[in-house]
Amino acid sequence: MPDRADRLRDALLAVDFTADGLLELLGAPAYAALARSETVPALRATRADGPLATLVRLFLLQRPVPRERARTVLPLDEALADGWVVEDGDAVRATVDVRPYGGPEGQDWFIVSDLGCAVGGAAGASGHGEGVVLGVGGASTTLAGITVRTPVASALDLGTGSGIQALHAAQHATRVTATDLNPRALEFARLTLALSGAPEADLRTGSLYEPVASETYDLIVSNPPFVISPLASGTGEPGTRLTYRDGGMGGDDLCRSLVQQAGERLNEGGFAQFLANWQHVEGEDWQERLRSWVPRGCDAWIVQREVQDVTQYAELWLRDAGDHRDDPERYAARYAAWLDEFEARRTRAIGFGWITLRKSGAQEPSVVVEEWPHPVEQPLGEAVRAHFARQDYLRTRDDAALLGDHFVLAPEVMQEQVGLPGAEDPEHVVLRQNRGMRRATKVDAVGAGFAGVCDGTLSAGRILDAIAQLMGEDPVMLRDRTPQAIRLLVEEGFLEPAQGA
Ligand SMILES: C[S@@+](CC[C@H](N)C(=O)[O-])C[C@H]1O[C@@H](n2cnc3c(N)ncnc32)[C@H](O)[C@@H]1O
């Protein structure tokens with residue numbers, strides 16, 4: 001089978017069935033429409049026959065293709081024998097969606113998923129009920145982008161689905177284990193890896209950490225079934241649960257368990273990275289609630305990217321399942337069930353975000369829980385790694401040590417002056433990162449001046465002395481009050497300790 005997957009892969013690549021090839025054939029609007037699950041523009045763009053158009057119609061648009069035409073593009077007998085396609089009169093049909101996916105270094109990969117659900121939710125699914133396996137969605141690429149890509153010995157992709165996270169992990173982990181509650185998903189992950197030319201992963205069926213109960217990893221990633229729904233807790237209509245999103249535990253318990261139990265499954269220095277949803281419960285501080293999930297011995301960085309009220313949230317997932325196309329009364333009843341669930345749980349809103357843990361064994365772990373809803377620049381894996389490295393550095397520095405250290409301004413930090421047009425002095429100065437988290441922070445004249453001269457030459461204390469002299473301030477007072485601001489600039493990545501600090 002590996003050889004046969006290679007032959008199929010070669011056939012796909014031979015006609016440029018790649019992300020770039022698709023863009024060229026379909027044109028940007030139809031290509032973008034396809035990524036929104038809209039197939040009409042792509043159908044029109046593939047009316048003229050050609051080998052690439054044939055594959056697009058077969059694997060992406062769910063159209064039967066004349067058998068003899070398919071034979072000119074694919075090793076057809078093998079594809080039939082291995083079940084990629086089936087006969088349909090004089091034509092063949094695909095049994096799975098095979099979607100070109102460009103890897104971070106320009107690799108030509110393929111993601112295999114159920115027909116009709118390569119993008120978006122189950123709304124376009126053709127059967128398979130609760131076990132439907134989705135392709136690449138926004139959540140998948142978000143997690144792939146934030147994952148720390150340091151070379152490691154072992155990685156675990158929990159809830160692998162189509163296998164996209166395992167495929168990424170296979171590039172920098174010697175051993176990849178991929179698990180899923182849904183045995184169909186593991187079959188899809190196997191096909192994704194084989195067709196993308198990646199090494200085989202250790203595939204295991206089971207819930208949460210059950211299949212890996214006695215093992216530990218250098219990297220754990222999971223885009224779990226994080227949806228907080230009446231279906232997840234089993235209180236919704238029977239038979240409507242979708243395994244890819246409804247975790248089968250009440251509220252946000254699945255995400256909480258995943259995070260809480262990660263500490264025991266991580267090697268020292270290892271990272272665990274999750275996408276998650278969490279409840280904003282009446283009378284509880286959401287940040288405190290999340291802090292309580294962090295396992296002992298782990299540092300954590302939790303970023304809330306979005307908050308939706310319960311109505312927006314219910315609508316999002318009702319649409320995801322295609323319920324809005326159902327009979328209006330049934331739709332209304334389902335909508336009400338979501339609101340009942342939230343009322344019972346005193347949930348007023350739901351947060352979406354990223355949770356990263358790093359096993360440090362620190363006596364006083366660094367736990368940062370923040371809201372950052374602004375645009376960021378993916379991939380952020382390096383920014384995530386650097387966040388924890390800065391926390392390690394800051395942990396070892398009291399104010400005196402900080403003043404003795406040298407710093408450099410991080411690359412692509414710009415200064416903006418904000419104030420009324422024509423005013424002599426700016427009202428305030430903002431430092432802005434033009435990459436990574438794209439943070440912005442207000443600084444005073446001392447902060448701006450300090451950041452401006454940080455090129456690693458002088459120690460922080462020396463710079464402050466010079467600023468004090470320039471501004472006619474008492475240098476002792478300035479040395480006294482500024483370390484906190486420097487600490488913040490380092491913590492948020494505006495300043496970096498110079499090499500050797
Ligand atoms: C949102 S999908 C993510 C798929 C893929 N990893 C990605 O990033 O696109 C969640 C996956 O978790 C699986 N899953 C659901 N409940 C699970 C559980 N209790 N334990 C492990 N996996 C589970 C689903 O079958 C599904 O494949």
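Read the numbers this way: they start at 1 and go in the same order the structure lists the ligands and their atoms. Keep in mind that this is a model prediction, so the values were computed, not measured.
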Side-chain donor/acceptor pairs under 3.5 Å, residues 10-22, sequence neighbours excluded:
residue, atom, partner, partner atom, Å
Asp16, OD1, Thr18, OG1, 3.0
Thr18, OG1, Gly21, N, 2.9

Which residues pass the side-chain hydrogen bond (donor to acceptor under 3.5 Å, both in side chains) test with Asp299, not counting sequence neighbours?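 Per chain and number, Asp299 pairs via side-chain hydrogen bond (donor to acceptor under 3.5 Å, both in side chains) with Arg358, Ser360, Arg395.
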With sequence neighbours excluded, residues passing side-chain hydrogen bond (donor to acceptor under 3.5 Å, both in side chains) with Glu284: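 Once residues adjacent in sequence are excluded, the partners of Glu284 under the side-chain hydrogen bond (donor to acceptor under 3.5 Å, both in side chains) criterion are Arg289.
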Heavy atoms of other groups near Arg149 CZ, more than 12 under 6.0 Å: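 Correct, the count exceeds 12.
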As a test of reading the model: which N/O atoms of the protein lie under 3.5 Å from N/O atoms of ligand 1, and at what distance?
residue, atom, partner, partner atom, Å
ligand 1, 6 (N), Gly159, O, 2.8
ligand 1, 6 (N), Thr160, O, 3.2
ligand 1, 8 (O), Gln165, NE2, 2.9
ligand 1, 8 (O), Asn223, ND2, 3.0
ligand 1, 9 (O), Ser140, OG, 2.7
ligand 1, 19 (N), Ser207, OG, 2.9
ligand 1, 20 (N), Leu208, N, 2.9
ligand 1, 22 (N), Leu181, N, 3.4
ligand 1, 25 (O), Asp180, OD1, 2.6
ligand 1, 27 (O), Gly161, N, 3.4
ligand 1, 27 (O), Asp180, OD2, 2.7

Can you confirm if the aromatic rings of Phe59 and Phe110 lie within a centre distance of less than 6.0 Å?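 That pair fails the under 6.0 Å test.
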Are Tyr209 and Tyr217 close enough that their ring centers fall under 6.0 Å?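 Not close enough - the centres of the two rings lie 6.0 Å or further apart.
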